[in-house]
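Start at 1 and go down the list; that is how both ligands and their atoms are numbered.
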Amino acid sequence: MNIRILLSVIATSASLCVSAVVPQPHSYEKRSGEFSISETTTICVDDAALLPAAEYLAEYTGLGVSEHSPESDFIRLATVLQLETEGYSLTVADSGITILGGGYGGVFNGIQTLLQLLPDGVYSHACPLPAYIGLCRIDDAPQFGYRGLMLDIVRTWMDIDKVKRYIDLAAYHKINKLHIHLSDDEGWRIEIKSHPELAEVGGWRGRGTPVWPVYGKWDERYGGFYTQEEMRSIIDYAAVRNIEIIPEIDLPGHSRTIARIHPEILCGYTPDMEITGGYDYRRVWCVAREENYELLEDILGEICGIFPSKYIHIGGDEVETTQWEQCPHCKAYADEHCGGDTARLQEVFMARISDILVRHGKLPAVWNEASARGSLLPESRVYGWESIDKCRAAASKGYKTVVMAGKYFYLDMRQSQHEDGHTWAGVFDVGQCCSFDFAAEGFTEAQLANVAGVEAVFWSELYASHNPEKTDYTDYQLFPRLCAVAEIGWGKRSDAPTFLKRLCTDHYSRMADMGIRFRLSPPRLKYTDGKLTASTDDGSTIYCKRENDTLWSPFTQPIATTKPAEYLFRSEYRSGVSPAVGVAGHYTRLKPALKMSSTIPASKEKPYANAERYRGVAQTARTCREGDSITFEFEQPVRCREAEFLTGYEHLPRFIFEAGYVETSLDGVQFERAAELHGGRARLVSPRPFRFARIVCTRSGSGTPYIIVSPPIIKPLL
Ligand code: TNX
C-alpha cells in the first residue's frame with residue numbers, strides 16, 4: 001500500500017465515526033470516497049456576513065479565504081432560507097465541502113462539526129495537511145435555541161483572556177449563550193460610567209476595601225473588573241463564535257457589595273455601619289426608596305446599552321425579606337402596593353425593574369424564585385435552578401424557561417464524595433449529567449414547549465477558596481460534564497454508557513488538543529486474595545502511591561498487601577486527570593468520644609455538641625481573637641495514623657482561624673506543638689497518642705463574624 005492510501009485509510013477510519021461528534025448530529029449519511037483538504041483548498045463565502053466565520057475556520061486550518069467560489073477544492077459557506085437559523089447541512093463531496101446554514105449560527109455550527117471531523121491537531125492550530133475526510137452528508141439542527149453556560153466571575157475573578165478561552169471551549173461544543181454573573185455579595189465587575197465607584201471600589205475586596213474579604217482570601221487585595229470597552233470586545237469575540245452574552249446584575253438580594261459602597265440603598269440605613277456588629281448582613285435593596293430606582297435606571301440603562309442581548313438577567317434569587325418586614329417605609333409601600341404583604345415586595349420590585357428594561361427595549365430574565373407567583377411580565381425568561389419541579393412550574397405558568405436544576409446542571413457540585421465542590425444539589429459525574437431526560441423528569445408536552453433550553457452553571461465561591469488557587473479547577477469541574485449538557489441542549493441523545501464510550505474513544509483526545517484539563521473517571525479498585533488491583537477502560541495510565549508518599553509511580557501489577565487502605569490510585573490521559581481513590585477502608589474514620597470547649601462561647605444555632613457527636617459543624621458566638629483556642633478532650637488516648645483538625649467547613653475554608661496551630665497532649669498539662677494551620681486546618685500524620693488536641697488562634701479575625709468548627713477527621717491505624 002502506498003503511503004498516501006495508508007494515510008487516507010487511517011484518516012478516514014478515524015473521521016468516519018461521526019457518532020463521536022459531540023454533540024451528536026441528528027442525521028448522518030456516509031458515502032464512499034473521500035475528500036482531501038490541502039494547502040490549496042479555499043474557504044469561500046457567498047455573503048460577506050459570513051466572512052467572520054470563514055476567517056475563524058481559516059485560523060484553525062491555515063487555509064485561505066476568498067469571496068469567489070472555485071469549481072473544486074473548496075470549503076464553501078453559505079446561508080439558505082430553507083433551514084432553521086441554527087440548522088446546517090454539511091456535504092463532503094469529491095469536489096469540496098459545502099456548509100449551508102439557516103443563518104450565521106447554522107454555518108458556524110457546521111464549521112464546528114467539520115472541525116471535529118478533522119484531525120485533533122486542528123484545535124491547537126496545527127492541523128496536519130492534507131487531511132482526509134470521508135464523503136458524507138450531515139443534516140443537523142439543535143432541539144433548543146438556548147444552550148448555555150453560566151460563569152460566576154464575581155466570587156472568583158476571571159480576566160478577559162480566561163473568559164475568551166471559555167467562550168472558545170463552549171463554542172467547540174455548540175453552546176450558544178454565555179450568561180455572565182457580574183455582581184454579587186462579593187464584588188461588582190462591570191464598569192458603570194455614571195457610577196465609576198461601583199467597579200473601581202466594588203471590583204476589589206480584602207483588607208483596606210469596603211468589600212469584605214471572603215472565602216479565605218483574607219489579606220489579599222483581590223479582584224478586577226471589565227471596562228465597558230473590554231466587555232464589548234468580549235461580546236464581539238463571542239458573537240463571531242455564535243455565542244450571545246447575557247449579563248446578570250443580581251437584584252434585589254446578593255447585593256452586599258453595592259450596599260457597602262452605597263449603604264443608603266438599604267432599609268434602615270445608618271451612616272455608622274459598625275453598628276451592625278462589624279459584619280454587614282444587610283444586602284437587600286429597600287423597595288420603598290425612590291432614589292434606588294434612579295440608581296438602577298442609571299446602572300441598567302448602561303447595561304442595556306453595552307449588551308446586544310434581548311434579555312437582561314436581573315437576579316431575584318435567595319432574597320432575604322426580613323429587612324423589609326422591619327422597615328417602616330417598606331411596610332407602608334407594601335400596604336399601598338400589595339395588600340400589606342411584605343413578602344410580595346419582591347414582585348413589586350421586579351415589576352419596576354422590568355419597566356426600566358422594557359423602556360430600554362429589553363426584557364427581564366430572572367431566577368425561578370422571582371416567578372413563583374406568576375406576576376412577572378409574561379415575556380420574561382425564567383432560569384430554573386432550585387429543582388426540576390420549579391422549572392416545570394415556571395414553564396406551566398407560560399414562561400420561557402431555561403432548565404438548569406442543580407442536580408444535573410450545577411457543575412460546582414462535587415463529582416464524587418471525596419472530591420471538591422458543593423453537595424447541596426447532589427454529587428454527580430458526567431454519567432448522571434447525561435442521564436437527564438425531560439420525559440423521565442415528568443415534563444409534559446405543554447411544559448416542554450416552554451423550555452427555552454438548558455444551561456450548565458459554574459458558581460465559583462469554592463474555587464476562590466482554594467489556596468493556592470487551583471488554576472485548572474474550572475476546567476475540571478466543567479469537563480466533560482459540559483459536553484453532556486451540550487448534548488442535552490442539542491437533543492440527539494444516546495444512553496449514558498454509549499455517551500461515555502464516545503467520550504473515551506474520540507472526545508478525550510480532542511479535549512486534550514483543545515487544551516482542556518478535564519476530569520477522568522477514577523480507576524476501579526479490587527482487593528482479593530491479598531492483592532490490590534486497579535483498572536480503567538478509557539485508555540488512561542494508572543498511578544499509585546501510599547497515602548503519605550509524595551511521588552506517584554505507574555501502576556504496573558497487582559500489589560500484594562494486607563493494608564489495601566494505605567494505597568491511593570489515580571489515572572491520567574494526556575491533560576485529563578482522575579481524582580485519587582482508595583478502597584472503601586481508606587475512608588473509614590474513627591469517632592472517639594470527646595468533649596469540646598473553647599475560649600469563645602458557642603452559638604445557639606450550632607452548639608459544640610454538634611462536633612462532639614460528629615454530627616455536622618459547630619459555630620462560635622463571636623469572631624476569634626489572637627490567643628483564642630478550641631480544645632478537644634478525648635475520653636481515651638487516641639492512637640491513629642492521621643488526625644486532622646479544622647476550623648471552617650471541610651470543603652469550604654470560610655469562617656476559619658486565619659492563622660494558628662494545633663498542639664496535643666496526653667495529660668492536658670504538657671502540650672506539644674504538632675502542626676500549623678493552613679486554610680484553617682492542620683493535618684497530623686502518624687501523631688503520638690494524644691488525649692487533648694487544641695487549635696490555637698494566632699491572628700484575630702479580619703471580617704468573619706463567627707468561626708465554624710468541624711468534627712476532627714481521624715483515620716484508624718491499619
Ligand atoms: C446558590 S444558584 C446560589 C449561588 C451560589 C450557589 C452555589 C443561585 C441563583 N444562587 O449564589 O453560588 O447556590 O451552588
Out of all atoms in ligand 1, which are within 4.0 Å of some heavy atom of [X]? Include the element for each.
X: Glu461; value: 5 (C), 6 (C), 7 (C), 12 (O)
X: Trp367; value: 9 (C)
X: Met413; value: 14 (O)
X: His254; value: 11 (O)

Nearest protein heavy atom with distance in Å, relative to [atom]:
atom: atom 14 (O) of ligand 1; answer: Asp412 OD2, 2.6 Å
atom: atom 8 (C) of ligand 1; answer: Asp317 OD2, 3.3 Å
atom: atom 11 (O) of ligand 1; answer: Arg155 NH2, 3.0 Å
atom: atom 3 (C) of ligand 1; answer: Glu318 OE1, 3.4 Å

For this session: Taking only Lys NZ, Arg NE, NH1 and NH2, and the carboxylate oxygens of Asp or Glu, determine whether Glu644 and Arg681 approach each other closer than 4.0 Å.
Result: yes
Problem set entry | Between Trp188 and Thr257: side-chain donor-acceptor atoms closer than 3.5 Å | no
For this session: Report yes or no: do Gln432 and Tyr408 form a side-chain donor-acceptor pair below 3.5 Å?
Result: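 No, because no side-chain N or O of Gln432 sits under 3.5 Å from a partner of the opposite role on Tyr408.
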Exercise. Relative to each other, are the rings of Phe655 and Tyr649 parallel, tilted or perpendicular (30° and 60° limits)?
Worked result: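 It falls in the perpendicular class, over 60°.
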For this session: Describe, in one word, how the ring planes of Phe479 and His173 are oriented to each other, choosing from parallel (under 30°), tilted (30 to 60°) and perpendicular (over 60°).
Result: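 Tilted, since the angle between the ring planes falls between 30° and 60°.
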For this session: Would you please determine whether Tyr383 falls within less than 4.0 Å of ligand 1 on a heavy-atom basis?
Result: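 For ligand 1, residue contact (heavy atoms, under 4.0 Å) with Tyr383 is absent.
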For this session: For the pair Thr401 (side chain) and Tyr399 (backbone), establish whether a donor and an acceptor sit closer than 3.5 Å, ignoring hydrogens and angles.
Result: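 The answer is yes, because a donor-acceptor pair under 3.5 Å joins these two groups.
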Exercise. For the rings on Trp459 and His181, is their centre-to-centre separation under 6.0 Å?
Worked result: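 Yes.
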For this session: Name the option, out of Phe458, Tyr410, Trp424, that contains the heavy atom nearest to atom 2 (S) of ligand 1.
Result: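 Result: the heavy atom closest to atom 2 (S) of ligand 1 is in Tyr410.
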